[in-house]
Amino acid sequence: MRGPLTRLQRYYLYYTGSFLLFVLALAFFERQGMPPRWIGYAFLFFTITMYAAIGIASRTSDVSEYYIAGRRVPAFFNGMATGADWMSAASFMGLAGTLYLTGFQGLAYIIGWTGGFVLVALLLAPYLRRFGQYTIPDFLGARYGGNAIRLVAVAAAILASFVYVVAQIYGVGVITSRFVSLQFEIGVFVGLAGILVCSFLGGMRAVTWTQVAQYVILIVAYVAPVAILSYNVTGVAVPQLVYGKVLQEVTQLEERLFHTPAEQEVRQLFLERADTYAQKIMQLPDSLNHEREYLSNEINRLKASDAQMRDIVVLERQRRELPQDAEQARVRWEKEMFAAVERSQPPSHHAEAFPGETPEVQYSQKINFLALIFCLTVGTAALPHVLIRFYTTPTVRQARESVFWSLLFILILYITAPAYAVFAKFEVLKHLAEIPIAKLPGWVAAWTKVGLVSIEDINRDGILQLAELSLNPDVIVLATPEIAGMPYVISGLVAAGALAAALSTADGLLLTITSALSHDVYYRIMRPNASTQFRLVISKSLLLLVAVLAATVAAEKPGTILSMVAWAFSIAGSAFFPALVLGIFWNRATRTGALAGMLVGVLLTVYYIIRVEFDGIAWLGIHNLKMDPWFHVQSTSAGVFGIVAGFVTIILVSLITKPYPGAQQFLDGIRHGHEGGER
Amino acid sequence: MSKSDRATYWRQTRNLTAGLFLVWVLVTFVLNWFARELNELAIFGFPFGFYMGAQGTLVIYLLIIWFYNRRMRSLDEAYGIEDEEQH
């Protein structure tokens with residue numbers, strides 16, 4: 001990396017320069033009166049054209065280029081590509097918001113999603129690269145032998161990746177519909193096009209080089225708004241360094257605001273509302289009938305008097321919108337009740353670790369914090385679309401170095417996210433709390449319309465109390481430009497960055513799914529004699545098929561998709577991590593052991609998620625599933641049990657079964673590049 | 001490379017990996033276990049526990065990987081592990 005710049009570095013320097021020029025030009029045109037909508041279109045058009053140009057320029061009909069970019073990606077660029085591959089729509093839009101809402105507890109995501117790369121560096125990347133094949137199932141198949149383990153690995157890779165890719169495409173739909181006012185479904189298919197232009201023609205090679213380009217856009221877009229905000233507040237444009245001071249001010253504001261009589265009154269009112277709902281739920285179905293009767297009587301009474309028509313219409317609408325039956329009423333009212341309970345909770349300080357009234361609550365917070373870190377680290381080190389990137393470097397040494405670069409490029413975003421949260425909190429506490437609702441800044445109204453901000457003046461004093469405000473996590477990053485009063489071009493930049501984050505991750509995931517199906521299932525298991533041309537045809541057709549399928553699912557707007565992404569980490573972690581790590585470091589691990597461990601791990605994780613999260617599965621006719629969590633652990637950290645069970649199972653079963661005869665030669669190959677290792 | 005050389009190389013790699021893994025466990029889990037107590041201290045204006053979660057730990061992670069790469073590079077050289085470009 002020292003000395004004069006390489007040709008690639010020069011290219012990307014020109015690219016970054018022209019992107020910045022493009023942003024400046026738009027800023028100039030905005031001054032001249034260009035409407036915001038056009039700015040949105042310009043960003044969408046410019047970035048997708050760029051990605052398409054790179055995708056077409058790196059088209060290939062070579063199998064090794066298609067699956068692993070010909071193993072010619074230098075460490076530095078592989079690090080950037082991994083960064084973009086890794087940072088998804090959720091990291092870009094949701095992370096800062098989660099930190100805003102949960103304070104210290106949200107740091108579990110920061111620690112977990114970076115700590116995983118230490119595991120990748122120490123335990124996996126060099127060995128995967130020295131093995132030097134195409135996929136993760138390849139690795140497991142060669143280490144343990146046999147097709148059964150390959151199939152289990154393929155199934156787990158698809159299970160973990162597919163939900164993830166649907167969430168990315170869903171994210172593209174959200175971004176395009178918000179910033180360029182495309183219809184959501186159309187936005188989804190624009191996203192699909194954006195993904196296909198990169199991956200269809202050029203496979204991993206094209207995806208790698210677009211991911212590098214996408215990294216540049218996403219990191220500029222992420223850091224710029226908060227740097228400007230930081231400059232406005234503190235006079236220093238490096239938010240990561242100075243937000244400690246702002247955090248202190250936030251803490252002081254919190255001290256004062258949390259205990260004002262008005263805040264306490266509001267929380268009390270929410271508590272009473274929760275009680276009312278609880279009673280209504282207990283008295284179902286009578287309470288529903290009462291409510292309907294009450295509304296009917298009211299309407300009749302108003303009609304008899306000469307009341308305003310408008311009031312009557314309001315009541316009639318309320319009656320129409322009442323739940324149809326007791327079951328629906330229970331679901332809807334329980335949701336209202338929990339929302340009210342949440343708002344009635346006394347808030348905790350932003351920096352307080354493991355907040356809670358009693359030592360018991362604090363302990364459960366601590367356990368969940370550490371459990372979540374555990375699952376996210378291990379999951380990071382087991383997600384196939386990340387691991388596969390370390391096959392693409394020219395040498396083992398560069399594979400190691402590229403983990404360093406990956407973490408460095410990822411750190412830039414993850415160190416900025418907590419600063420984002422603190423600055424946003426400062427703005428809210430300082431400029432929203434205790435302000436008359438009629439005088440709130442314009443961005444609040446704008447985002448209320450989209451449904452990301454909601455305000456309810458429950459004590460009817462015309463003034464905003466903190467407990468009356470609820471924010472969707474996504475709004476923190478999306479609205480920061482407006483909060484700081486920046487021109488619209490910055491908002492467009494943020495949208496382009498979010499789009500880059502979603503597209504780059506979707507590209508990587510899609511390729512992983514496709515190669516698992518075409519390389520592992522079709523070529524390795526079904527037709528080992530297939531010609532390379534035909535393998536590529538199969539790959540490309542499958543890519544198209546999976547992409548369209550994912551977009552179709554995303555267009556349905558599945559509500560639970562975002563929580564399902566959190567589960568992907570636990571599933572991937574319990575499926576792959578124990579089998580990979582023991583396969584590399586323990587000679588004695590056997591095929592039966594690994595198979596049993598993978599199955600036990602995944603099944604236990606899925607079982608735990610279902611039992612803790614769902615009460616029944618309607619279409620299977622199963623009811624009353626709900627159980628109490630073990631050791632207070634939430635379902636997002638289900639992997640804690642699955643991963644440990646996976647390790648224990650592999651060790652126990654391996655000790656009583658015979659090792660695979662090819663294992664020793666394989667291990668010599670990956671440990672010291674001894675000739676005879678599989679190439 | 002003789003058989004005993006290979007064994008030594010692997011033993012040293014393993015020890016290095018185990019040592020750094022231990023450091024990783026310490027900063028990731030042991031340190032954060034005490035985050036509440038650490039928050040009593042302050043660093044650069046941050047409560048210490050919060051600072052470690054938001055920045056400190058991440059920098060230590062980067063240093064772990066950097067150190068591992070450096071050590072592995074010199075181990076590779078000492079034992080003449082060939083690592084030529086393979087396509």
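Just so it is clear, the structure is predicted and the values come from calculations on it, not from any experiment. Throughout, a chain's letter reflects where its sequence line sits, starting with A, and its residues are numbered from 1.
- In this structure, the portions of Glu401(A) lying under 4.5 Å from any heavy atom of chain B include both its backbone and its side chain.
- Closest approach of Phe29(B) and Ile373(A) over heavy atoms only: CE2-CG2, 4.1 Å.
- Of all heavy-atom pairs between Pro47(B) and Leu247(A), the closest is CD-CD2, 3.7 Å.
- For the set Trp66(B), Tyr61(B), Phe21(B), Tyr51(B), the count of heavy-atom pairs under 4.5 angstrom toward chain A peaks at Tyr61(B).
- If you tally non-hydrogen atom pairs under 4.5 Å between each of Ile410(A), Val403(A), Thr377(A) and chain B, the highest count goes to Thr377(A).
- The contact list for residues 359-368 of chain A toward chain B, using heavy atoms and a distance under 4.5 Å, reads Gln362(A), Tyr363(A), Lys366(A), Ile367(A) by residue number.
- Heavy-atom distances place the side chain of Pro126(A), and not its backbone, under 4.5 Å from chain B.
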*Could you check Trp10(B) against Phe585(A) for ring pair (Phe, Tyr, Trp, His ring centres under 6.0 Å), going step by step and ending with a plain yes or no?*
CA-CA 10 Å; Trp10(B) 175 240; Phe585(A) 288 89; 5.7 Å; yes

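- Note that CZ of Arg400(A) and CG of Asp76(B) are 4.5 Å apart. Values are rounded to the nearest 0.5 Å.
- Contact between Phe104(A) and Gly49(B) at its shortest, heavy atoms only, is CE1-O, 3.7 Å.
- Not one N or O on the side chain of Asn32(B) forms a donor-acceptor pair closer than 3.5 Å with the backbone of Leu370(A).
- Smallest separation of non-hydrogen atoms from Gln55(B) and Ile415(A): NE2-CG2, 3.8 Å.
- To the nearest 0.5 Å, the span separating CG on Leu119(A) from CD1 on Ile64(B) amounts to 9.5 Å.
- Taking the centre of each ring, Trp33(B) and Phe369(A) stay at or above the 6.0 Å mark.
- Of the possible donor and acceptor atoms, one in the side chain of Arg36(B) sits under 3.5 Å from a partner among the backbone N and O of Ala353(A).
- Across Ile68(A), Val242(A), Ile110(A), the residue that shares the most heavy-atom pairs under 4.5 angstrom with chain B is Ile110(A).
- Between Tyr68(B) and Phe404(A), the distance from one ring center to the other does not fall under 6.0 angstrom.
- Both the backbone and the side chain of Met72(B) come within less than 4.5 Å of a heavy atom in chain A.
- Here the rule is side chain to side chain contact (heavy atoms under 4.5 Å, CB included) with Thr114(A), and of Leu58(B), Leu62(B), Thr57(B) only Leu58(B) fits it.
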*Show your reasoning for whether side chain to side chain contact (heavy atoms under 4.5 Å, CB included) applies to Phe50(B) and His350(A).*
CA-CA 9 Å; Phe50(B) 182 91; His350(A) 190 81; 4.0 Å; yes

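- Within 6.0 Å of CZ in Arg588(A) there are more than 12 heavy atoms belonging to other residues, nucleotides or ligands.
- Contacts of Thr13(B) with chain A are made by side-chain atoms alone, with heavy-atom separations under 4.5 Å and no backbone atom involved.
- Neither the backbone nor the side chain of Thr251(A) comes within less than 4.5 Å of any heavy atom of chain B.
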